[in-house]
Amino acid sequence: MKYQRPKGTADILPGESVKWQYVEATARQIFEAYRFAEIRTPMFESYEVFSRSSGETSDIVTKEMYDFEDKGGRHLALRPEGTAGVVRAFVENKLYGPEFNKPYKVYYMGPMFRYERPQSGRQREFHQIGVEAFGSESPALDVEVIAMALNLLQAFKIGHLKLALNTLGDPESRQAYHEALVNYLKPHFDELSEDSKVRLEKNPLRVLDSKDKKDQAIVKGAPSILDFLTDSAKAHFDEVKQLLGALNIDYVIDPTMVRGLDYYNHTIFEIMTTSPAFGDKEMTVIAGGRYDGLVHELGGPEVSGFGFGCGLERLLLLLNEQVTKQLAKQLAVYVVGIGTGASEATLKMVQAIRQQGFSADRDYLDRKPKAQFKSADRNQAAVVITIGEDEIKNKTAQVKDMATGIQKTLPVATLQQDFQKVYTDFRNSEGK
RNA sequence: GCGGUAUUGGUGAAGUGGUUAACACACCGGUUUGUGGCACCGGCACACGUGGGUUCGAUCCCCACAUACCGCCCCA
């Protein structure tokens, strides 16, 4: 094959795209119930928007960004995640101004790009649905957004959900913990895996997340972030837990959960699920948290933020057949033309029906009636209209209800002027 | 970026160093004249991811590359 799509990208074909439309439409519905409004930001931004927000040393910035110089010498990057661009837009458009509702709540959906090794549910161009809420430090906001994330997944009937919760505390808590963790790990340095030795230098919290057995044994004895929270950080987290309880939302505290992006603090969460699609292993579908310093970091005032990102490809892998089956679009009318002379009449008929708001299709390959009926059947046509020489002569057409097999002869004029009536008449007779 | 597995028609796949690359599904056509199912018959691979090499000869052996999938890193 001469041309192939770039590594890690996908063509979303008809049949697949209906699922995307369904997921996107459902998400919009839910978000709007929570009063989030859509924001659309560019697919690429100035490189610094991402390097500043995600952290200069984060993996995303150092090895996964698609960055390039444009013809004007600007250093740009394809967005690897959604939050940074939204925050930039929030600041640039001064959405923190007094005339806007607080919290300022937005959602987005679209492609993201990360240069990494593709795997199931993980691509170089992938899609996220995400939300951000700015301007409230209330734990109630944390909980509401988490609840919305759960709502989203529940709307798709995805089971085996697990909400994992942790807090990174405020900068003060974080620094104290950072120190304690490093002090704990240093004496074990030689026992750590090669990966973790590097992590200890770059981002010690990552060691907590190691999949290496020996590392995990060491981590077991490590201090917990929860013991290093300042009073206010602890109060925030306690309130979050209490409110989740008030909504009867189950969660598990995972003090070893960390984040790939540097901008998070306080509450962080992940929603995971197990599915055959991921080899029955746990896979994170939604992840998010609080990022109180980020708006300021990107040049805005001290405005807090809370949001999450949802991996669409991963979500799609979880949609079960029951949900997707009912998505097939039914064809209202298939027009069968018999004989070469019928093409004009057939064309006029499909056009007239389409103009009345119904879907209509026909044959374009001069196939025999039997083959045309087969197509009608395959397309799940509700009604077939047949036009042959006799019908043309008499200005009539055969109209057949495919479910019952009942066929009537009707004037062409009726079909072209009031197909709605014909259609509902058929539907009613089916009910009986 | 590292390690592993895979790559045959529209799809699922079988197969061998050597004249015709199984089988099934799908699709198209037919089984007499204008109607959806079933049955039966027939058709359907510029040749086995791409490029090199070994060989008298390779889809089957070797190398490189590409892509997919799995594990690691990381992550949605």
Side-chain angles (χ1 to χ4, degrees), chain A residues 1-10 54 58-65 80-83 109-130 149 153 193-196 198-199 202-203 206 209-212 215 257-261 270-273 277-279 281 283-288 307-318 334-339 341-342 363 365-392 397-407:
Chain A
M1 231 164 305
K2 186 115 186 230
Y3 297 110
Q4 292 179 298
R5 59 181 181 263
K7 187 185 182 116
T9 62
S54 303
S58 68
D59 276 54
I60 286 193
V61 170
T62 56
K63 47 185 245 201
E64 292 179 357
M65 266 218 293
E81 55 98 29
T83 302
M109 41 188 76
M112 308 290 162
F113 306 85
R114 248 119 99 161
Y115 189 86
E116 57 181 349
R117 197 73 170 251
Q119 278 172 35
S120 166
R122 173 191 224 165
Q123 295 168 193
R124 290 187 170 180
E125 181 186 20
F126 63 105
H127 297 75
Q128 279 191 354
I129 293 182
L153 298 182
S193 66
E194 291 309 309
D195 282 330
S196 285
V198 178
R199 291 186 183 113
K202 271 178 62 183
N203 188 350
R206 287 236 150 276
D209 217 18
S210 175
K211 278 170 198 152
D212 185 273
D215 286 354
M257 187 166 75
V258 295
R259 269 293 91 100
L261 286 351
E270 287 186 24
I271 303 176
M272 308 182 258
T273 183
F278 306 126
K281 269 167 290 192
M283 182 63 107
T284 299
V285 192
I286 289 184
F308 68 73
C310 171
L312 255 183
E313 279 80 1
R314 289 183 181 181
L315 181 57
L316 265 318
L317 286 171
L318 295 168
Y334 191 96
V335 180
V336 171
I338 299 165
D363 171 73
L365 303 172
D366 284 329
R367 292 185 306 156
K368 301 178 73 171
K370 179 169 177 150
Q372 295 189 43
F373 266 87
K374 250 179 131 173
S375 293
D377 202 39
R378 223 190 3 254
N379 287 298
Q380 299 181 59
V383 171
V384 168
I385 295 177
T386 308
I387 301 171
E389 280 179 38
D390 294 346
E391 287 79 10
I392 293 174
Q398 305 297 328
V399 184
K400 181 170 184 176
D401 183 325
M402 292 298 273
T404 61
I406 295 168
Q407 183 165 297

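Just so it is clear: chains get the letters A, B, ... in the order the sequence lines come, proteins before strands, and each one is counted from 1.
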Report which part of the nucleic acid [X] touches: base, sugar-phosphate, or nothing (heavy-atom distance under 4.0 Å, all strands).
| X | answer |
| --- | --- |
| Gly82(A) | nothing |
| Ala287(A) | sugar-phosphate |
| Gln123(A) | base |

Whole-Å distance separating the [atom1] atom of [X] from the [atom2] atom of [N]:
| X | N | atom1 | atom2 | result |
| --- | --- | --- | --- | --- |
| Arg114(A) | A76(B) | CZ | P | 5 Å |
| Asp209(A) | A76(B) | CG | P | 11 Å |
| Leu312(A) | C75(B) | CG | C1' | 16 Å |
| Glu116(A) | C72(B) | CD | P | 14 Å |
| Lys7(A) | C65(B) | NZ | P | 11 Å |
| Leu317(A) | A68(B) | CG | P | 15 Å |
| Gln4(A) | A68(B) | CD | P | 8 Å |
| Met283(A) | C75(B) | CE | C1' | 9 Å |

When you compare [N] with [M], how far apart are their [atom1] atoms, in angstrom units rounded to a whole number?
| N | M | atom1 | value |
| --- | --- | --- | --- |
| G10(B) | C48(B) | P | 12 Å |
| G42(B) | U50(B) | C1' | 36 Å |
| C38(B) | U33(B) | C1' | 22 Å |
| G49(B) | C60(B) | P | 8 Å |
| C62(B) | U55(B) | C1' | 12 Å |
| C63(B) | G3(B) | P | 15 Å |
| G12(B) | U20(B) | P | 27 Å |
| C75(B) | C61(B) | C1' | 40 Å |

Review point. Which pair of heavy atoms, one from Gln372(A) and one from Val336(A), lies closest together, and at what distance?
Key: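 The pair with the smallest heavy-atom distance is OE1-CA, 3.2 Å.
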**Study point:** Shortest non-hydrogen separation from Pro80(A) to Met112(A) and the atoms involved
**Key:** O-CB, 3.9 Å
side-chain hydrogen bond (donor to acceptor under 3.5 Å, both in side chains) partners of [X], counting only residues at least two apart:
| X | result |
| --- | --- |
| Gln123(A) | none |
| Ser193(A) | Ser196(A), Asp215(A) |
| Arg206(A) | none |

Under 4.0 Å between a side-chain N or O of [X] and OP1 or OP2 of [N]?
| X | N | answer |
| --- | --- | --- |
| Gln119(A) | G71(B) | yes |
| Arg117(A) | A68(B) | no |
| Arg206(A) | C75(B) | yes |

Practice item. Applying side-chain contact (heavy atoms from CB on, under 4.5 Å), name anything that partners Ile271(A), two or more places apart in sequence or on another chain. Key: Ala149(A), Leu150(A), Leu153(A), Leu161(A), Leu163(A), Phe269(A), Ile286(A)
Practice item. Look at the side chain of Arg124(A) and the backbone N and O of Glu116(A), then say whether any donor-acceptor pair between them is shorter than 3.5 Å. Key: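 Yes; at least one donor-acceptor contact below 3.5 Å.
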Review point. Is it true that atom NZ of Lys202(A) has more than 12 heavy atoms of other residues, nucleotides or ligands lying nearer than 6.0 Å?
Key: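 Enclosed: over 12 neighbouring heavy atoms sit under 6.0 Å from NZ of Lys202(A).
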Practice item. Kindly check if the number of other-residue, nucleotide or ligand heavy atoms within 6.0 Å of CD (Glu389(A)) is above 12? Key: no
Practice item. For each nucleotide in nucleotides 24-37 of chain B, reading 5' to 3', give B when a protein heavy atom comes within less than 4.0 Å of its base, S when such contact involves only the sugar-phosphate, and - otherwise. Key: ---SSSSB--BBBS
Exercise for review: Identify, between Val285(A) and Asp212(A), the residue whose nearest nucleotide on RNA chain B lies closer to the 5' end.
Suggested key: Asp212(A)
Check your understanding: Got Asp377(A) and Tyr334(A) here, is their nearest side-chain heavy-atom distance under 4.5 Å?
Key ->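 Side-chain contact under 4.5 Å: no.
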Point to revise | side-chain contact (heavy atoms from CB on, under 4.5 Å), paired with Arg114(A), selected from Lys63(A), Met65(A), Glu81(A) | key: Glu81(A)
Review point. What stem regions, each of at least 3 consecutive Watson-Crick or G-U pairs below 3.5 Å, can be found for RNA chain B?
Key: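 Detected stem regions: B:1-7 with B:66-72, B:10-12 with B:23-25, B:27-31 with B:39-43, B:49-53 with B:61-65.
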